[in-house]
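Notes to accompany the following structure.
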There are 2 protein chains.
Amino acid sequence: MLQVTALTVEEGKLCPIRNVLSNVFGKWQSLILLSLEDGPLRFSAVKRTVGDITQRVLTENLRALERDGYLTRTVDPGPPVAVSYELTGPGKDLVEVLKPIVSWASENFDQVVAARKSYDARA
Amino acid sequence: MLQVTALTVEEGKLCPIRNVLSNVFGKWQSLILLSLEDGPLRFSAVKRTVGDITQRVLTENLRALERDGYLTRTVDPGPPVAVSYELTGPGKDLVEVLKPIVSWASENFDQVVAARKSYDARA
DNA sequence: CAGTATCCTTTACGATACTG
DNA sequence: CAGTATCGTAAAGGATACTG
């Protein structure tokens, strides 16, 4: 069976699922990765694509994604300075497995909304 | 291009990606869904599978997943009472698109850990 | 067994102002 | 332009005790 507990069966080893996914399944991470799907973008372009993320939080999330090796950060000192973010190989792979979930979400949105409505009506 | 902003292009409509995924990409939701992959489990069995989740939080998450229509909750009044949770059709579909990410996480765990180490060494 | 009820802490996030 | 610095809020989660 699948191992999803904090520690794997071999004690002392962290669960890869949790350890990797916790940095991808946040409110913004997957959205940011998806925004880079078609090629590198500059900081402000990522911000525009995601829409309602603050500068502080975007920076924070970009750094975390860079740290995990999903994207690179390239600085072109200007002036004005231009910083662009680009998916790495692993980052592109990750986006590929992320996309089916995104499609699923779009396709099943109505169903989920209906389920919520029916649940709330019963309670 | 993919639409990931809070409001979709047709104003006033919520983004399906965010709206659906925010209830799946939490710390526990995907783990709980995965625990039910092989068939229905009772409350305590889910808890055992996930490992270190508290009763309160597990209950909370199970309710949210039930509300979104991913699983059903069946009570067999005992005594002692036995409650079992089972994936619905949509729940099973969701688990299927979730599994590739889980596999990806397992396969790329070492790489991510290495990336973090190298990033931390530079900074 | 499968929860509720409380209380408390942590973490993520939002708002705003400032800067090389 | 792409951040950093502060401050404040809110949601998620942890610990523990209690119950039909």
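Residue numbering restarts at 1 for every chain, and letters A, B, ... go by the order of the sequence lines. The structure displayed is predicted, hence computed values, not measured ones.
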Exercise. For Arg18(B) and dC13(C), give me the distance from atom CZ to atom P, rounded to whole Å.
Key: 11 Å

Quiz item: Can you check the Arg63(A) CZ to dA12(C) P distance for me, whole Å?
Solution: 16 Å

Quiz item: Can you name the residues that form a ring pair (Phe, Tyr, Trp, His ring centres under 6.0 Å) with Phe25(B), not counting sequence neighbours?
Solution: Phe25(A)

Quiz item: Are the side chain of Asn19(B) and the backbone N or O of Cys15(B) linked by a donor-acceptor pair below 3.5 Å?
Solution: no

Practice problem: Using Watson-Crick or G-U wobble pairs with both distances under 3.5 Å, give me DNA chain D in dot-bracket, 5' to 3', with [ ] for crossers and | for pairs to another strand. | Solution: ||||||||||||||||||||

Practice problem: Would you classify Val81(B) as touching base, sugar-phosphate or nothing, given that sugar-phosphate means primed atoms plus P, OP1 and OP2, and contacts are heavy atoms under 4.0 Å? | Solution: base

Check: protein-nucleotides 14-16 of chain C nitrogen or oxygen pairs below 3.5 Å:
from	atom 1	to	atom 2	distance (Å)
dG14(C)	OP1	Lys27(A)	NZ	3.4
dG14(C)	N7	Arg56(A)	NH2	3.2
dG14(C)	O6	Arg56(A)	NE	3.1
dG14(C)	O6	Arg56(A)	NH2	3.2
dA15(C)	N6	Arg56(A)	NE	3.3

Quiz item: So which of Ile32(A), Leu41(A), Leu62(A) actually passes side chain to side chain contact (heavy atoms under 4.5 Å, CB included) with Tyr85(A)?
Solution: Leu62(A)

Exercise. With sequence neighbours left out, write down each residue that passes salt bridge (charged side-chain N to carboxylate O under 4.0 Å, His left out) with Lys99(B), or none if nothing qualifies.
Key: Glu37(B), Glu96(B)

Quiz prompt | Any residue of residues 66-74 of chain A with a heavy atom less than 4.0 Å from an atom of DNA chain D | solution = Arg73(A)

Quiz item: Should Leu98(A) and Val24(A) be marked as a side chain to side chain contact (heavy atoms under 4.5 Å, CB included) after you check the CA-CA gap, both sets of side-chain angles, and the distance that decides it?
Solution: CA-CA 10 Å; Leu98(A) 236 33; Val24(A) 172; 4.2 Å; yes

Quiz prompt | DNA chain D: 5'-most and 3'-most nucleotides touching chain A, 4.0 angstrom heavy-atom criterion | solution = dC1(D) to dT6(D)

